[in-house]
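Just so we're on the same page: letters track the sequence lines, and every chain starts at 1.
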There are 2 protein chains.
Amino acid sequence: MKMSGGVEWALHCCVVLTAAAGPVPAARLAELHDVSGSYLAKQLQSLARAGLIHSVQGHAGGYALTRDPANITVLDVVAAVDGAAPAFTCTEIRQRGPLATPAEACAIPCPVHRAMIAADEAWRAALRDVTIADLAAGVTSDYGPGTFDGIRRWLG
Amino acid sequence: MKMSGGVEWALHCCVVLTAAAGPVPAARLAELHDVSGSYLAKQLQSLARAGLIHSVQGHAGGYALTRDPANITVLDVVAAVDGAAPAFTCTEIRQRGPLATPAEACAIPCPVHRAMIAADEAWRAALRDVTIADLAAGVTSDYGPGTFDGIRRWLG
DNA sequence: CCAACTCGGATAAGTTTTGTCCGAGAACGA
DNA sequence: TCGTTCTCGGACAAAACTTATCCGAGTTGG
């Protein structure tokens, strides 16, 4: 039960892109966060494939958000980087063994599966309630209104 | 973001132990669910280490629940088998890089971390709301009142 | 037209999870 | 009381996934 470490990087990158004026290269984002540029590229590609950011190639290229930060939820980023599949996978062991339940009685998920589905949905709902814009607002609230100005200046 | 497959086995075993009169050997539980006995033993050991079940050695030994099923939550089982650590681990990348936040300003978790903590807590709360007794009641409701009688009979 | 810079996917190393085995210990029957 | 049989418990490999890296294709700007 461990989430990909790339999720943290991706979320921080999305928050930074909120402040950026134009496209930002992956290498610049990696330097800003002091992480492996080669690996961060992988996470950004996942975000691009999910349609959360779009890439601009060429001399002054880089990555930029595709839509308003208020319309990108944390769940979107987590699903893009870590995968959209639920953490729990039911293998239907109730249909196996000497006392196997017949398949026609298995129209609805078993009680164990139901509990896991409910927990997963609660988790998703919590992540869906927070947007990238909310995170950016939290950064401003925590570290002062000039924080993003400094980032914008450093990005060039 | 994948939960250990052993969690499913462990939960089903706990439900079965609800119906058992005496201790049940790991091999018997494995045969009932048609899974690897060697590997199921590992999960049961985790449950025993967590104090959810206790082992009885010797000729007529096996595993039995230590307390009332209504006092064992699904979260207890998940934490025992899959680990109690939260899925998301914050690496404090805000304290790294050229624009690093000074350590004295990092008394509280960053916004990203806060969102993850909230989601994790929602997930835990959902799992804490369901007990092994609830799962057993769900089985009875789904497959009929005689289900556990059949299991008890098969266990011998 | 050239050159430099960007992303994109294909390619290895490390780590965790999964799966298996045999030895130590305890209870029952003789 | 002793031996046998059954049980758990921890130590030992195999496999899958995550992590990390590289170089080529494509595009922009001068």
Quick one: label [X] by what it contacts on the DNA or RNA (base, sugar-phosphate, nothing), any heavy atom closer than 4.0 Å.
X	answer
A:Ala26	sugar-phosphate
B:Ser36	sugar-phosphate
A:Ser55	sugar-phosphate
A:Arg28	nothing
A:Gly6	nothing

Practice problem: Give the ring-plane orientation class for B:Phe88 versus B:His113, where under 30° counts as parallel, over 60° as perpendicular and anything between as tilted. | Solution: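 Rings of B:Phe88 and B:His113: tilted, 30 to 60°.
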Quiz item: Salt bridge check: are B:Asp120 and B:Arg124 linked by an N-O gap of less than 4.0 Å?
Solution: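 Salt bridge: yes.
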Quiz item: In terms of the nearest nucleotide of DNA chain D, which residue is placed more toward the 5' end: A:Gly58 or A:Lys2?
Solution: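 Comparing both residues, the 5'-ward one is A:Lys2.
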Self-check item: Residue whose nearest DNA chain D nucleotide is more 5′ - A:Gly37 or A:Ala60
Solution: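 Looking at DNA chain D, the more 5' nearest nucleotide goes with A:Gly37.
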Write down the distance between [atom1] ([X]) and [atom2] ([N]), rounded to a whole number of angstrom.
X	N	atom1	atom2	result
B:Met3	D:dC17	CE	P	17 Å
A:Leu44	C:dT6	CG	P	14 Å
A:Glu8	D:dT19	CD	P	12 Å
B:Tyr39	C:dC22	OH	P	20 Å
A:His54	D:dT27	NE2	P	16 Å
B:Gln57	C:dA24	CD	C1'	8 Å
A:Gln43	C:dG8	CD	C1'	14 Å
B:Lys42	D:dC12	NZ	P	12 Å

Quiz item: Would you say B:Ile117 and A:Val15 are hydrophobically clustered, going by side-chain heavy atoms of ILVMFWY under 4.5 Å?
Solution: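 B:Ile117 and A:Val15: separate clusters.
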Practice problem: Among the candidates C:dC7, D:dG9, D:dC6, find the nucleotide nearest to the side-chain atoms of B:His59. | Solution: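 So the nucleotide nearest the side chain must be D:dC6.
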Quiz item: Looking at C:dG8, D:dT7, D:dT19, which one has an atom nearest to any side-chain atom of B:Pro25?
Solution: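 Within the option list, the nearest is D:dT7.
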Quiz item: If you round to the nearest 0.5 Å, how far is CD of B:Gln95 from CG of A:Asp34?
Solution: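 If I round to the nearest 0.5 Å, the distance is 12.0 Å.
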Exercise. Can you measure from CD1 (B:Ile53) to CG (B:Leu44) and round to the nearest 0.5 angstrom?
Key: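 If we round to the nearest 0.5 Å, B:Ile53:CD1 and B:Leu44:CG are 5.0 Å apart.
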Quiz item: A:Arg49 side chain N/O closer than 4.0 Å to the phosphate oxygens (OP1, OP2) of C:dG8?
Solution: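 The answer is no; no side-chain N or O of A:Arg49 sits under 4.0 Å from OP1 or OP2.
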Quiz item: Think A:Gln45 has a side-chain N or O under 4.0 angstrom from the OP1 or OP2 of C:dC7?
Solution: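 Checking A:Gln45 against C:dC7: no side-chain N or O falls below 4.0 Å of OP1 or OP2.
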